[in-house]
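Input: a single structure, listed below in structure tokens.
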Amino acid sequence: MSEVKNLDDYVVNEYETGVIVKDVKDFDPVHIFDCGQCFRWIGEEDGSYTGVAMGKVINVKRDGKDIVIDNTNLKDFKNIWFEYFDLGRDYSLLKKEFVKFDENLKNAVDFGWGIRLLQQDGWEMIISFIISSNNRIPMIQRAINNICQRYGKCIGEYRGKKYYSFPDPKELSVATVEELRDCKTGFRDKYIYSTTKDIVENNININDFLEMDSETCHKELMKFKGVGAKVADCIALFGMRKYNSFPVDVWVKRVMQEFYNAKEMSLPKMRKYGMDLFGDDAGFAQQYLFYYVRELEIGK
DNA sequence: GACCAGGACGGCT
DNA sequence: AGCCGTCCTGGT
């Protein structure tokens, strides 16, 4: 069994409006879209999820062992969605290691067995996670929606609803602080304004962050207004492929206190402790643990 | 109306 | 370097 999966390892059948990917392991839309890594995926009545990513609107559901992606085609699956859904990674192997690691991680993996880390757009993660600071998920989703409707492009209709792309830095740079406040971003309005301006005026290339090592990336991200240690870790993990990142939010703090003997530890120490404990795969461990304790409200 | 949830910042030591 | 008051919004 190989460690990395290739495009040809999957059987993909195209139908009129989408594709069916046969026999996909370790993939559950509920776990993926509800584990805190993304904000633009909405659950539909039929249990499927519709969302906007990479400037396209698609609908995703699990049908037994298969994954059905609607409103797309084989070409986009190969060029975009294979990577976006991290289908090149063997999560079974990863999970096997975690199950052996300890009882906590085993329970977390058993619970969130279908989690995958989406390979999302770095710029979108920067703005999204600035908005996430000291904020709750429904509010974050609403603010991002407002921003997309006002500054993004209409990319079409799906099931009778219009969808908008996430604005690029240039598109968002026309927004004033007051307009951003109107989008319900709260006190983060000035951070979004400043960071967008910073990126546009200094010609910062977001792709450069992908090339950096993890520590440099984290340090550079923290130079943006509104980006502290936790937000930088989320951007690095979800948007910059820095898989040893260990974002410590209130829930992860509770896990570390409850399960990992870190009762009196400060947040910076906890971050380093998590990275040392879980090593190169700290980001994956963080996701399983986060989803597990948040859903079960452990340590609250 | 008081209180709570949720991180970054800036001023203080 | 570390601690703490403040920031906005919506829900209880």
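Numbers restart at 1 for each chain; the letters A, B, ... are given by sequence-line order, proteins then strands.
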Short N-O contact, [X] and [Y], less than 4.0 angstrom:
| X | Y | result |
| --- | --- | --- |
| A:Lys106 | A:Glu103 | no |
| A:Lys61 | A:Asp46 | no |
| A:Asp86 | A:Arg89 | yes |
| A:Lys223 | A:Glu220 | yes |
| A:Lys22 | A:Asp66 | yes |

Using the side-chain heavy atoms of [X], tell me which of these nucleotides is nearest: [options].
| X | options | value |
| --- | --- | --- |
| A:Arg136 | C:dG10, B:dG7, B:dG6 | C:dG10 |
| A:Ser133 | B:dA8, B:dG6, C:dT9 | B:dA8 |
| A:Arg188 | B:dG7, C:dC8, C:dG2 | C:dC8 |

> Which residues within residues 237-250 of chain A lie with some heavy atom under 4.0 Å of an atom in DNA chain C?
Replying inline: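 Result for residues 237-250 of chain A: none.
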Whole-Å distance separating the [atom1] atom of [X] from the [atom2] atom of [N]:
| X | N | atom1 | atom2 | answer |
| --- | --- | --- | --- | --- |
| A:Leu267 | B:dA8 | CG | P | 9 Å |
| A:Leu221 | B:dA8 | CG | C1' | 15 Å |
| A:Phe187 | B:dG6 | CZ | P | 13 Å |
| A:Tyr191 | B:dG7 | OH | C1' | 9 Å |
| A:Ile192 | C:dC8 | CD1 | C1' | 12 Å |
| A:Met139 | C:dT12 | CE | P | 11 Å |
| A:Ile130 | C:dC8 | CD1 | P | 17 Å |
| A:Lys190 | C:dT6 | NZ | P | 15 Å |

>> Let me spell it out: for each of A:Gly186 and A:Pro268, pick the nucleotide of DNA chain C with the closest heavy atom. Which residue's pick is nearer the 5' end?
In response: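 On the 5' side of the pair lies A:Pro268.
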Below 4.0 Å: OP1/OP2 of [N] and any side-chain N or O of [X]:
| X | N | value |
| --- | --- | --- |
| A:Arg254 | B:dG6 | yes |
| A:Trp251 | B:dA5 | no |
| A:Arg142 | C:dG10 | yes |

> Just checking A:Arg294: base, sugar-phosphate only, or nothing, at a heavy-atom cut-off of under 4.0 Å?
Replying inline: nothing
> Just checking A:Phe224: base, sugar-phosphate only, or nothing, at a heavy-atom cut-off of under 4.0 Å?
Replying inline: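 If one applies the 4.0 Å heavy-atom cut-off, A:Phe224 turns out to touch the sugar-phosphate alone, with no base involved.
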>> For a salt bridge (charged side-chain N to carboxylate O under 4.0 Å, His left out) check, start with the C-alpha distance between A:Glu201 and A:Lys170, then their side-chain angles and the critical distance, and finish with the verdict.
In response: CA-CA 10 Å; A:Glu201 288 186 358; A:Lys170 197 113 192 265; over 6 Å; no
> If you group Ile, Leu, Val, Met, Phe, Trp and Tyr by side-chain heavy-atom gaps below 4.5 Å, do A:Phe278 and A:Phe111 land in one group?
Replying inline: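 Yes, one cluster joins them.
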